[in-house]
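Just so it is clear, the values below take in all heavy atoms, side chains as well, and ignore hydrogens, waters and symmetry mates.
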Amino acid sequence: MATLFRSYKPFLPLRFKPIHTKSISLNPKTNFRFRTFSAINCSNHHPLPLSTEQIHTKINKELWLHNTMSRQKELFNPKIEGRVGMYVCGVTAYDLSHIGHARVYVAFDVLYRYLKYLGYEVNYVRNFTDVDDKIIARANELGEDPISLSRRYCEEFNHDMRYLNCIPPSVEPRVSDHMLQIVDMIKQILDNGCAYTINGDVYFSVDKFPEYGRLSGRKLEDNRAGERVAVNSMKKNPADFALWKSAKEGEPFWESPWGRGRPGWHIECSAMSAAYLGYSFDIHGGGMDLVFPHHENEIAQSCAACHQSSVSYWIHNGFVTIDSEKMSKSLGNFFTIRQVIELYHPLALRLFIIGTHYRSPINYSDHQLESASDRIFYIYQTLHDCECVLTQRDETSWKDSIPLGITSCINKFHEECITSMSDDLHTPVALAAMSEPLKIINDLLHTRKGKKQELRTESLASLGKTIKDVLTILGLLPDSYSEALQQLRGYALKRARLTENEVEQKIEERKGARENKEYEKSDAIRKDLAAVGIALMDSPDGTIWRPAVPLAMQDHHSTTST
C-alpha cells in the first residue's frame, strides 16, 4: 500500500442539511475500540491532561436541552443529584435498521457520552419491541416463528450500533420478557377507572385523561383513531388505544386476566421504563415521529397507572429525509445502515449524522457521505501524522510547558466545544471548532516555520490529546488512526471500482507520461482518477494518492449551491 498522504487541506465546516473498552469487528480485517477520555485544560505551567478527578471539579455541568413538552430549551436538573435516568424507545425488530434509526441512536449516544463526560452516573434504558403486528406479519411472510425472527433482528441491530461506535445502554429490555410487568400496569389502569374491556381486548379511555395531547399539542378531536392497527368500531372513543389485544388464530399469545393475548404497542414502554427507572425519571427520548401517538399515549397510561408519574425532559430528534421526504420503512424510501456501510466507513456515516444538529432535518445524499468521508480522513490523517512524530521523541525529555499561543488555542477550542455541547448538543459547532487546532498541528508538522517552533513536540502532544478527547465525546475516535485510514482508502477504492494495484499502475503510467513530456496524457490520468474520488498528490518524494470527493459530485454541488 502506498504511503499515507500528508494533508495540508484546511479543515472547513461542512454544511450537512464514556466509556467502554469493547472491541468492534466490522469485518475480519477491521477493529475499533471505545476509549476512555478526560478533558484537557492547558496553561503555560500545566499543559498536559489533568486526571479525571481534577477534570470533574473543573467542568461546568450546566446543560441546556430542548424539552418537547415545554417547547423550549431548559436547564437540565436531574431528579437525583449526580444521577440520570434515561429511556429511549428502541426498534421494532422485524428487519434491518435504516439510517433513520442510526440518527436516533447516534443522537442519544452523544447525549449519553456527554452526560458521562459531565460526571453523571447514567442509567440508560433502550428497549426492543419484539412483539408487534409488523413482526407477526413479517414472520408469516417468511414462515418463521415471530419471537425467533425478532431475536435475530435484535442481534443485527446491535451489530449496527457497534459499527456506529454507539456505547451499549445500561439495560436493553425486551417486551417478551416483561409480560408480568405489562399485565400488572394494565391492571392498575383498569383499577383506576381509565380503561375498559371489550371481548378480551383492553382499551385506554382518553376521555379519562384530560391532559391528553399536551406533549404533541393536538386537540382530542384532531387525533387519529388508530396507529398500526385498524379502527375498532366498538371503542367508546375512536382515539382510545389498545393496552391488550386478544389472541388471533396463529399468533403468539400470553395468559392474562382478560384471556390469551398480547400487549398493545404503547404500554410496553411505560411498563419497562417504570420497571428500570421508576415512574419518575429524567429523560425520555426518541424520534420526532414518536411524539404522537406513542409518547402521548405513554404519558396518559403511565399517569393513569401512577399519579406520581413524571418525566422531566422529552427529547426528540429530527427526521432523515430523501429529497425532502421523511425516510421510513413504510414509505419504502430508505437505505439500511448495512447498505450505507458497504460503501462508506461507519464513522463517516456517524460524522454525517452529527454534522447536523440533532433536532434539525437532515437530507441524505451520496455527496454528503463523500464529504463526511473526506472530512474524517483529514482528521485521522492529521492525528496519525502527529502520532508518528511523537513516537519518535523521547517523552522523558519533554518540558512541562507550551507556548502561550498554543495554550490559547487549546483553551478556546475546549471552551467552544463545551459551550456548544452544553447548548442542546450543538455537535456541528464542536466539529467546526476543530479547524484551528488541526491547522496548527499541520503547520507544526509540515511547514518550515512550524518545524522550528519552540516546544513543538509538547505543543503537538497537547493539541492531539485535546482533539482526541472531543472525538471521544462525539464517538468518532477509532482504536487506530492508521487502521482507520487504511479502511477509508479501501472504501474509496471500492466506490471507485479500482484496486490498489490499478491505482499504482495509473500513477506509474502518469509518471512515464510526465517524463516524456506528454502533459495532456498526464493531466488526463489525474483527472480520470479524480472523477472517481482518487486524488493524486505530488511531492519531492514521489506521487501518492488519497480519497477525495469525486469531481462530478463537487461540480454538481457547486452548481446546486449557486
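- A distance of 10.0 Å separates CG of Asn165 from CG of Asp479, quoted to the nearest 0.5 Å.
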For this session: Could you walk me through whether Glu416 and Val429 pass side-chain contact (heavy atoms from CB on, under 4.5 Å), step by step?
Result: CA-CA 8 Å; Glu416 286 179 349; Val429 178; 5.5 Å; no

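- No more than 12 heavy atoms of other residues, nucleotides or ligands sit less than 6.0 Å from atom CZ of Arg83.
- Contact annotation: the side chain of Glu251 never approaches that of Asn140 to less than 4.5 Å [non-hydrogen atoms, C-beta and beyond].
- Glu415 CD: 12 or fewer foreign heavy atoms inside a 6.0 Å radius.
- The 12-atom threshold is exceeded at NZ of Lys79, counting heavy atoms of other residues, nucleotides or ligands nearer than 6.0 Å.
- Residues Leu65 and Ile283 have side chains in contact (heavy-atom distance under 4.5 Å, counting atoms from C-beta outward).
- At least one donor-acceptor pair under 3.5 Å links the side chain of Ser150 to the backbone N or O of Ile147.
- Residues Tyr344 and Asp366 are in side-chain contact: their nearest non-hydrogen atoms beyond the backbone lie under 4.5 Å apart.
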Exercise. Is there a side-chain contact (heavy atoms from CB on, under 4.5 Å) between Phe335 and Ile322 once you walk through the steps?
Worked result: CA-CA 10 Å; Phe335 294 98; Ile322 299 289; 3.8 Å; yes

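- No side-chain N or O of Asp130 forms a donor-acceptor pair with one of Tyr153 less than 3.5 Å apart.
- Summarising the geometry of Pro263 relative to Ile182, their closest heavy-atom pair is CB-CG2, 3.7 Å, with the distance given to 0.1 Å.
- Two residues are said to be in side-chain contact when any heavy atoms from C-beta on lie closer than 4.5 Å; Glu268 and Val131 fail this criterion.
- The shortest non-hydrogen separation linking Met288 to Gly318 is CE-CA, 3.8 Å.
- A distance of 10.5 Å separates CD of Glu296 from NE2 of His266, quoted to the nearest 0.5 Å.
- The only member of Asp201, Thr197, Asn199 that meets side chain to side chain donor-acceptor pair (under 3.5 Å) when paired with Ser246 is Asp201.
- With rounding to the nearest 0.5 Å, the separation of CD1 in Ile376 from OG in Ser371 is 13.0 Å.
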Problem set entry | Steps toward side-chain contact (heavy atoms from CB on, under 4.5 Å) verdict (Tyr313, Asn67) | CA-CA 5 Å; Tyr313 305 87; Asn67 191 344; 4.0 Å; yes

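- Under a 3.5 Å cut-off, the side chain of Arg103 and the backbone N or O of Phe319 do form a donor-acceptor pair.
- Cation-pi check for Arg126 over Phe108 is not met; the charged atom does not lie both under 6.0 angstrom from the ring centroid and within 45 degrees of its normal.
- Taking the six-membered ring for Trp and the full ring otherwise, His98 and Tyr364 have centroids separated by 6.0 Å or more.
- Tyr491 contributes a side-chain N or O that, together with a main-chain N or O of Ile341, makes up a donor-acceptor pair within less than 3.5 Å.
- A distance of 6.5 Å separates CD1 of Ile473 from OH of Tyr114, quoted to the nearest 0.5 Å.
- Contact detail for Ile167 and Asp109: the closest heavy-atom pair is N-OD1, 2.8 Å.
- Taking each heavy atom of Gly355 and Leu431 in turn, the nearest pair found is CA-CD1, 3.9 Å.
- Classification of the Tyr212-Phe209 ring pair by plane angle, with boundaries at 30° and 60°, yields perpendicular.
- Salt-bridge formation is not detected for the pair Lys236/Asp207: no Lys NZ or Arg NE/NH1/NH2 atom is positioned less than 4.0 Å from an Asp or Glu carboxylate oxygen.
- The shortest distance between side-chain heavy atoms of Phe352 and Gln368 falls below 4.5 Å.
- Residues Leu243 and Tyr196 have side chains not in contact (no heavy-atom distance under 4.5 Å, counting atoms from C-beta outward).
- A donor-acceptor pair is defined here as one N or O able to donate and one able to accept, closer than 3.5 Å; no such pair exists between the side chain of Ser97 and the backbone of Phe157.
- Phe413 and Thr466 get closest at one heavy-atom pair: CD2-CG2, 3.4 Å.
- A donor-acceptor contact under 3.5 angstrom links the side chains of Thr321 and Asn363, judged on distance only.
- Not one N or O on the side chain of Asp282 forms a donor-acceptor pair closer than 3.5 Å with the backbone of Ser312.
- Ser373 places no side-chain N or O within donor-acceptor distance of the main-chain N or O of Ala348, the cut-off being under 3.5 Å.
- Smallest separation of non-hydrogen atoms from Leu474 and Arg350: O-NE, 2.8 Å.
- Salt-bridge check for Arg262 with Asp133: passed, with a basic side-chain N closer than 4.0 Å to an acidic carboxylate O.
- For the pair Arg71 (side chain) and Met69 (backbone), a donor-acceptor distance under 3.5 Å is present.
- Rounding to the nearest 0.5 Å places OG of Ser205 at 11.5 Å from CD1 of Ile189.
- Side-chain contact, His159 with Glu155: no donor N or O sits under 3.5 Å from an acceptor N or O.
- Atoms OG and CD1, from Ser270 and Ile186 in turn, are 10.5 Å apart once rounded to the nearest 0.5 Å.
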For this session: Could you walk me through whether Phe76 and Tyr120 pass the ring-ring contact (aromatic ring centres under 6.0 Å, His included) test, one step at a time?
Result: CA-CA 12 Å; Phe76 179 69; Tyr120 290 108; 5.8 Å; yes

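- Within 6.0 Å of the CD atom in Glu342, the count of heavy atoms belonging to other residues, nucleotides or ligands does not exceed 12.
- Every salt bridge (Lys or Arg N to Asp or Glu O under 4.0 Å) that Asp160 has, sequence neighbours left out, goes to Arg338.
- Taking the charged nitrogens against the carboxylate oxygens, Asp95 and Lys134 have no contact shorter than 4.0 Å, which rules out a salt bridge.
- The closest side-chain heavy-atom distance from Ser280 to Gln308 is not below 4.5 Å.
- Between Phe204 and Phe241, the ring-plane angle classifies as parallel under the 30° and 60° cut-offs.
- Judged by distance alone, with hydrogens and angles left aside, the side-chain atoms of Thr427 form a donor-acceptor pair with the main-chain N or O of Ile354 at under 3.5 Å.
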Exercise. What's the verdict on ring-ring contact (aromatic ring centres under 6.0 Å, His included) for Tyr380 and His345, showing C-alpha distance, side-chain angles and the deciding distance?
Worked result: CA-CA 13 Å; Tyr380 294 165; His345 197 290; 7.2 Å; no

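- When atom types are taken as modelled, the side chain of Asn127 and the backbone of Pro173 share no donor-acceptor pair closer than 3.5 angstrom.
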Exercise. Given Thr129 and Tyr94, is the side-chain contact (heavy atoms from CB on, under 4.5 Å) satisfied, shown in steps?
Worked result: CA-CA 9 Å; Thr129 295; Tyr94 68 96; over 6 Å; no

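- Within the 4.5 Å cutoff, the side chain of Val311 has heavy atoms near those of the Phe281 side chain.
- By the neighbour-count criterion of 12 heavy atoms within 6.0 Å, atom CD of Glu141 is densely surrounded, having more than that number from other residues, nucleotides or ligands.
- A cation-pi geometry, defined here as NZ or CZ lying under 6.0 Å from the six-membered ring centre and within 45° of its normal, holds between Arg218 and Phe292.
- Distance alone, capped at 3.5 Å, places no donor-acceptor pair between the His101 side chain and the Ile337 backbone.
- Aromatic ring pairs are classed by plane angle as parallel below 30°, tilted from 30° to 60° and perpendicular above 60°; the pair His295 and His284 is perpendicular.
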